[in-house]
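Encoded as structure tokens, the structure appears first; notes follow it.
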Amino acid sequence: MEKRWVYNEEQLPEVVSELAESLKISKTLADILCQRGICTFEEAKAFFRPSLSSLHDPFLMKDMDRAVNRINEALHKSEKILVYGDYDVDGTTSVALMYSFLRNYTEHIEFYIPDRYKEGYGVSQQGVEWAAENGFTLIISLDCGIKSADKVALATSLGVDFVICDHHLPDEDIPQAAAVLDPKRPDCQYPFKELSGCGVGFKLIQAFCIQNNIEQREAFKLLDLVVVSIAADIVPITGENRVLAHYGLLQINGAAGMRPGLKALKELADITGPMDVTSVVFGFAPRINAAGRMGDAKRSVRMLLAETKEEAYAVADVINESNKERRSKDTNITKEALQMIEEDDFLRNANSTVLYKDSWHKGVIGIVASRCIEKYYRPTIILTQSNGKASGSARSVHGFNVHDAIESCSDLLDQFGGHMYAAGLTLPVENIPAFRERFEAFVSDTITEEQKIPQIEIDAKIKLNQVTRNFYKIVHQMEPFGPGNMKPVFVSECVYDTGAVRVVGSSHLKLTLTQDGYYSIDAIGFGLSDYYDAISKGIPFDVCYTIEENIFRGVSTLQLRIKDIRVK
């Protein structure tokens, strides 16, 4: 698939020069830092040396005092507390975080994860009624609740209070709870708006420690769970999230070792060496999510709470099997979905994809939508039958707001929600043809030609001989990488392979690149074997890539991971 190479705007030369001089780094690296809003020595110091002391005062968050006071009251009166969270990674890590902390102060505590298929997303009526029937008088909801005004009202009528910890955009109607913690509340002055749900839960624990004269390190012990939520929920790794992620990764990779549940996942994922955000995303997140997609998300919480290796592995093995089942289903459904597109002239040439099959597994349709976009780069909705309705997941392409497109068809829907790049929806099965037509019309009218082509953002154009150990050392120190601070992408022009190019695996290229007749460096390009013939003939080409360290048999070398190739 053709890709657009989009170069990030070069920054003011005088600012770049001053920063390069003060940090004793190249202007190329200084320019990349400036692109990310790091333009002074002090900003660079804070960036390269994240400090827990820079975390914001949790009491700056609206309702934080009310939240801590209500929890203290519950503990003092020995009330039964229910920790309630969503079934995805952010929700399950949030529940594990809050439950593991509060159980140090009370025996009257349990956790609750709604059933993905019977109860759906967020706070459910069934969950509220279960809490009331079992004598709980306080629910702490995490990663959900901000859009549950009706469920909170129901709870109040049944004598159950709510403390809400959420990070999603609220409706106009803020729930009438004992406390509502959400930095995205329009009346909340908290300085950092992009915390994960688990991050908001962490701020509540931090505030609880401050109020009750408990050492802050008791809260910081939980940052391994926070970084897993940050990585999996794809929140920006900037500001406070960067600090939390940095120290969470230090804890995961620390000498004391990671918590048994995460250690079990790491071994099952066959990850060796230190973990970063990428290995958390691909190693931990799918397995934790699989429990909710294919079975019972409570398993993920039990695994994260496990205190012994035996207990952790017993649950992690089951979760890993769930992930294998999930992979099998999403592979098969993706194959079916792509075949449906390829065999239909309208679908093949449309500006959007809307597919429905009543037998598809609801737990993997979001993954299938993403896979379809890899082949047909356009807004995509995959629907299946659930409780007599068509239930679906939407995914989008860079720059296109799929939530707005769905909202334009709201009269055909029972419900929908989400954000710019991902959303969920439910509608009557008989409305699917009309919805498909209206959705396609909206996308066709609003999507631009550029949005139909996947783009690669380029940080800088460099010569291959600039890729030195010292250069990579600075790039490496810019971690943790993620949204808002992506791994730098470089372009080198008019390079050649030295004659060693070969195809490895089914479709990958292994090369040794050279430029200007000197200096060579190894490179690998996944899925780029189509370029083999041209490159093997000695034709010059441009290459865009990231830089990584490759360790083989104990020997460390630098390697380029190629993202795209343009043959001259």
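A quick note: this is a predicted structure, and the numbers were derived from the prediction, not measured. Sequence positions, counted from 1, serve as the residue numbers for this chain. Keep in mind that the numbers below use all heavy atoms, side chains included, and drop hydrogens, waters and symmetry copies.
Enclosure of atom CD in E9 is not indicated, since only 12 or fewer non-hydrogen atoms of other residues, nucleotides or ligands lie within 6.0 angstrom. Within a 6.0 Å sphere centred on CG of N387, heavy atoms belonging to other residues, nucleotides or ligands number 12 at most. Applying the 6.0 Å contact sphere to CD of E437 captures no more than 12 heavy atoms from other residues, nucleotides or ligands. Counted within 6.0 Å of CD1 on I524, heavy atoms from surrounding residues, nucleotides or ligands total more than 12; the atom is thus considered enclosed. Under a cut-off of 6.0 angstrom, the local environment of CD in E267 is crowded, with over 12 non-hydrogen atoms contributed by other residues, nucleotides or ligands. Annotation: F282, atom CZ; neighbour count of heavy atoms from other residues, nucleotides and ligands within 6.0 Å does not exceed 12. Under a cut-off of 6.0 angstrom, the local environment of CD in E450 is sparse, with at most 12 non-hydrogen atoms contributed by other residues, nucleotides or ligands.
The shortest side-chain heavy-atom distance between C188 and M61 falls under the 4.5 Å cut-off. You'll find the side chain of I406 stays beyond 4.5 Å of the side chain of H403, heavy atoms only. Side-chain contact check for L222 versus F101: some heavy-atom pair is nearer than 4.5 Å. Side-chain contact between P170 and P175 is absent, with no heavy-atom pair separated by less than 4.5 Å. Put simply, the side chain of L509 does not reach to within 4.5 Å of the side chain of I562, judged on heavy atoms. When side chains are defined from C-beta on, C372 counts as touching L338, because their heavy atoms get closer than 4.5 Å. In this structure the side chain of L244 never reaches within 4.5 angstrom of the side chain of V227, judged on heavy atoms. Side-chain contact check for F490 versus I32: some heavy-atom pair is nearer than 4.5 Å.
Side-chain atoms of D344 never come within 3.5 Å of backbone atoms of M340 as a donor-acceptor pair (strictly under, hydrogens ignored). The backbone N or O of V235 sits nowhere less than 3.5 Å from a side-chain atom of D233 that would complete a donor-acceptor pair. Between the side chain of R36 and the backbone N or O of M486, at least one donor-acceptor pair lies under 3.5 Å. No side-chain donor-acceptor contact under 3.5 Å links E194 to the backbone of N241. Between the side chain of T331 and the backbone N or O of R327 there is at least one donor-acceptor pair closer than 3.5 Å. Between the side chain of D459 and the backbone N or O of N8 there is no donor-acceptor pair closer than 3.5 Å. Checked by atom type and distance alone, the side chain of Y356 never pairs as donor or acceptor with a backbone atom of I432 at under 3.5 Å. Put simply, the side chain of D414 never gets that close to the backbone of T426: no donor and acceptor are under 3.5 Å apart. Judged by distance alone, with hydrogens and angles left aside, the side-chain atoms of K193 form a donor-acceptor pair with the main-chain N or O of P183 at under 3.5 Å. Listed for the N431 side chain is a donor-acceptor partner under 3.5 Å among the backbone atoms of L412.
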H168/D143 under side-chain contact (heavy atoms from CB on, under 4.5 Å): CA gap, chis, key distance, verdict: CA-CA 8 Å; H168 297 99; D143 191 37; 3.3 Å; yes
Verdict with supporting geometry, D166 and V200, side-chain contact (heavy atoms from CB on, under 4.5 Å): CA-CA 7 Å; D166 207 343; V200 177; over 6 Å; no
side-chain contact (heavy atoms from CB on, under 4.5 Å) between K266 and F284, worked out: CA-CA 7 Å; K266 182 178 181 182; F284 287 175; 4.0 Å; yes
D182 vs K147, salt bridge (Lys or Arg N to Asp or Glu O under 4.0 Å): CA-CA, chis, key distance, verdict: CA-CA 11 Å; D182 188 336; K147 295 193 176 187; over 6 Å; no
V152/I164 under side-chain contact (heavy atoms from CB on, under 4.5 Å): CA gap, chis, key distance, verdict: CA-CA 10 Å; V152 172; I164 294 171; 4.0 Å; yes
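When all heavy atoms of R395 and A369 are compared, the pair lying nearest together is CG-CB, 3.7 Å. Taking both residues in full, the closest heavy atoms of L425 and S393 are given as CD2-N, 4.3 Å, listed atom of the first, atom of the second, then distance. Closest non-hydrogen pair, G482 versus I237, comes out as CA-CD1, 3.8 Å. Counting all heavy atoms, side chain and backbone alike, R371 lies closest to R326 at NH2-NH1, 4.1 Å. Across all their heavy atoms, G484 and T238 have their closest contact at O-CG2, 3.7 Å. For the pair K357 and T384, the tightest heavy-atom approach, listed with the atom from each and the gap, is O-OG1, 3.0 Å.
Here the straight-line distance linking atom OG of S386 with atom CG of D358 works out to 11.5 Å at 0.5 Å rounding. Here CD of E457 is found 14.5 Å from CH2 of W5. Values are rounded to the nearest 0.5 Å. Note: Q125 CD to K151 NZ = 7.0 Å, rounded to the nearest 0.5 Å. One distance of note links OG1 of T92 with CG of L97; it measures 11.5 Å at 0.5 Å rounding. Annotation: the span from S100 atom OG to R259 atom CZ amounts to 5.5 Å, rounded to 0.5 Å. To the nearest 0.5 angstrom, F346 atom CZ is 11.5 Å from I341 atom CD1.
Between D276 and K487 there is no salt bridge, since no side-chain N of the basic residue sits under 4.0 Å from a carboxylate O of the acidic one.
For the residue pair N351 and S444, a side-chain donor N or O sits within less than 3.5 Å of a side-chain acceptor on the partner. Under 3.5 Å, the side chains of S229 and S196 contain a donor-acceptor pair of N or O atoms. For the residue pair R378 and T353, a side-chain donor N or O sits within less than 3.5 Å of a side-chain acceptor on the partner.
A parallel orientation is assigned to the rings of Y84 and Y112, their planes being inclined by less than 30° (bins at 30° and 60°). Relative orientation of the F136 and W130 rings is parallel, given thresholds of 30° and 60° on the angle between their planes.
A cation-pi arrangement, defined by a distance under 6.0 Å to the six-membered ring centre and an angle within 45 degrees of its axis, is absent between K184 and Y190.
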